[in-house]
Amino acid sequence: MKSTPRNLRLHIGLFGRRNVGKSSLLNALTHQDVAIVSATPGTTTDPVEKPMELLPLGPVVFIDTAGIDDEGALGEQRIARTRLALDRTDLAILVVADGEWGTFEEGLLEEIEKRGLGAIVCFSKVDLTAPPKPLLDRLHERKVEVVSTSAETGAGLEALRAKLIACAPVDYFDSRRLVGDLVETGDVVVLVVPIDKEAPKGRLILPQVQVIRDLLDSGAVAIVSKEDELPGVLRKLTSPPRLVVTDSQAFEQVAVDTPRGIHLTSFSILFSRFQGDLAEQVKGAAAIDCLQDKDKVLVAEGCTHHPIGEDIGRVKIPKWLAEHSGASLEFITVAGREFPDDLSPFSLVIHCGNCMGNRREMLSRIMRCRQQGVPITNYGLAIALCRGILKRAIEPFPVALEAFKAAKEEGETCS
Ligand SMILES: Nc1nc2c(ncn2[C@@H]2O[C@H](COP(=O)(O)OP(=O)(O)OP(=O)(O)O)[C@@H](O)[C@H]2O)c(=O)[nH]1
Ligand SMILES: [Mg+2]
């Protein structure tokens, strides 16, 4: 799989005075020692760029800048370089420590807003000092997004992640590819589409159409086949296809008919990656193996009228889950905009593929689950897990495969 080009990554800039904890915040958010931290003001002298996967947003670049309240000639050069970093920024975090807010912060916030960038004011080091109430009120009145964090204790980091989702520019969510980034011009991809009684009359469903369109946009060739015809299609091809994508419900048969050397995945997995967070939702699928009697499972449908057969969320998934887990489970279904704030009663959330929905909303839901420690997966991933084929279906996505293996190891004790 090709990595995401830098220009498609969301660029998140960390700005603020010297020593306010910008580099510490970056390290805490990413769980890595990416940037040098010290008590000496002016530690970061040049902007540092770090491309990475920030769950659940996806590929981002963090720009850790030099603190810009410097004086003198050297300070001016630093200020100039830090301002240049604003040019590459999609979303700015303005870090403030000790409630210190003056013309410097005002100027920076104005500049960020003037450029039409998303802005989050982050009060850092809250383990030492709480942000002053009058300042909080003022920022609130101006509708500025505010969050309080401590890199030391980890407080507020999840809230900051949630704000990053809420404030990321719309085009970031539109720039992702469904499947086109997995193929090259001329590649052949076989799509397996069962035509059963649930298939709508006379047409394909939207996720299938979107996959075909995205393949065409990449110059790839899409062959569409029912599951019974797949072995014949594979025999007729002079070289193996780049990828086979199947409807989750036909996965078992398709897995048998597709030789091991060929990458195989499902429409739901492509949609989890495109609309949600595949690694997180794969971890959620692994949690199915930990379900116990009397556990409550929330089934969330994005549409009030689900296009793929009425009963998948209400009948089939509950049946398969009960069969697989052997537990007597209680299912609660919600649809459309409805999604509970309090997820604590639930042991698992199973969401539809969200093919009609918006990614920001899906990520916010995933985020809410993460914050409350409730695993979340989607229909197709849950089906694949119940049928023992999830691992193969995520082989084309190494990050998700690693997340799954780690979750399975962790879940062995099901604590
Ligand atoms: N108690 C506490 N100390 C913190 C926190 N975050 C950072 N610090 C300390 O504050 C000092 C400065 O942190 P840095 O992360 O280097 O700050 P910076 O904004 O990157 O500084 P420059 O690169 O010099 O502009 C270090 O001594 C950190 O250990 C926090 O949340 N709590
Ligand atoms: Mg620094």
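Order of appearance sets the numbers: ligands from 1, and atoms from 1 within every ligand. A quick note: this is a predicted structure, and the numbers were derived from the prediction, not measured.
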**Report entry** Close N or O approach (Thr65, ligand 1; < 3.5 Å)
**Finding:** no

Report task. Quick one: look up the protein heavy atom nearest atom 21 (O) of ligand 1 and list residue, atom name and how far away it is. Result -> Asn19 N, 3.0 Å

Query - Asp257: which of Leu230, Val244, Leu264 passes side chain to side chain contact (heavy atoms under 4.5 Å, CB included) - result: Leu230

Requested in this report: Keeping the roles fixed (side chain from Asp214, backbone from Gly180), state whether a donor-acceptor pair exists under 3.5 Å.
Outcome: yes

Query raised in the report: What is the minimum heavy-atom distance between Ile269 and Ala393, and which atoms define it?
Result: CD1-CB, 3.3 Å

Query raised in the report: Mind checking whether the Mg ion (ligand 2) has an N, O or S of Ser23 under 2.8 Å?
Result: yes

Report summary line: A student checking ligand 1 against Ser38 at a 4.0 Å heavy-atom cut-off should list atoms 11 (C), 12 (C), 13 (O), 16 (O), 26 (C), 27 (O)

Query - Nearest-neighbour protein heavy atom for atom 5 (C) of ligand 1, which is reported as residue plus atom name and distance - result: Lys125 CG, 3.5 Å

Query - Nearest-contact summary for atom 13 (O) of ligand 1 - protein heavy atom, Å - result: Ser24 OG, 3.4 Å

Requested in this report: Using a 4.0 Å heavy-atom threshold (strictly under), name the region of Leu128 that reaches ligand 1: side chain, backbone, both or neither.
Outcome: side chain

Report summary line: Of all protein heavy atoms, the one nearest atom 17 (O) of ligand 1 is Gly21 N, 3.1 Å

Query raised in the report: With a 3.5 Å cut-off and no angle check, do the side chains of Asn378 and Ser268 form a donor-acceptor pair?
Result: no

Query - Heteroatom distance test (Val37, ligand 1): nitrogen or oxygen, under 3.5 angstrom - result: no

**Report entry** Any donor-acceptor N or O pair under 3.5 Å, side chains Arg115, Thr89
**Finding:** no

Report task. Enumerate the atoms of ligand 1 whose separation from the nearest heavy atom of Pro41 is less than 4.0 angstrom. Result -> 24 (O)

**Report entry** Candidates Val179, Val190, Val188 - the one meeting side chain to side chain contact (heavy atoms under 4.5 Å, CB included) with Leu243
**Finding:** Val179

Requested in this report: Provide the number and element of each atom of ligand 1 under 4.0 Å from a heavy atom of Arg18.
Outcome: 25 (O)

Query raised in the report: Got a second to check how far Gln210's CD is from Phe267's CZ, nearest 0.5 Å?
Result: 11.0 Å

**Report entry** Closest non-hydrogen atom pair, Ala222 against Leu191
**Finding:** CB-CD1, 4.3 Å

Report task. Could you tell me which atoms of ligand 1, counted from 1 in the order shown, lie closer than 4.0 angstrom to a heavy atom of Asp127? Result -> 1 (N), 2 (C), 30 (C), 31 (O), 32 (N)

Query raised in the report: Do ligand 1 and Thr43 have nitrogen or oxygen atoms that lie under 3.5 Å from each other?
Result: yes

Query - Residue and atom name of the nearest protein heavy atom (relative to atom 31 (O) of ligand 1), distance in Å to one decimal - result: Ala151 N, 2.8 Å

Query - Result of checking Val96, Val147, Val20, Val146 against Cys122 for side chain to side chain contact (heavy atoms under 4.5 Å, CB included) - result: Val147

Query raised in the report: Which of the atoms of ligand 1 are close to Ser23, meaning less than 4.0 Å from one of its heavy atoms?
Result: 15 (O), 18 (P), 20 (O)

Query raised in the report: Which protein non-hydrogen atom lies closest to atom 18 (P) of ligand 1, naming both residue and atom, and how far is it?
Result: Lys22 N, 3.5 Å

Query raised in the report: Pro47 and Arg88: which non-hydrogen atoms are nearest, and at how many Å?
Result: CB-NH2, 4.2 Å

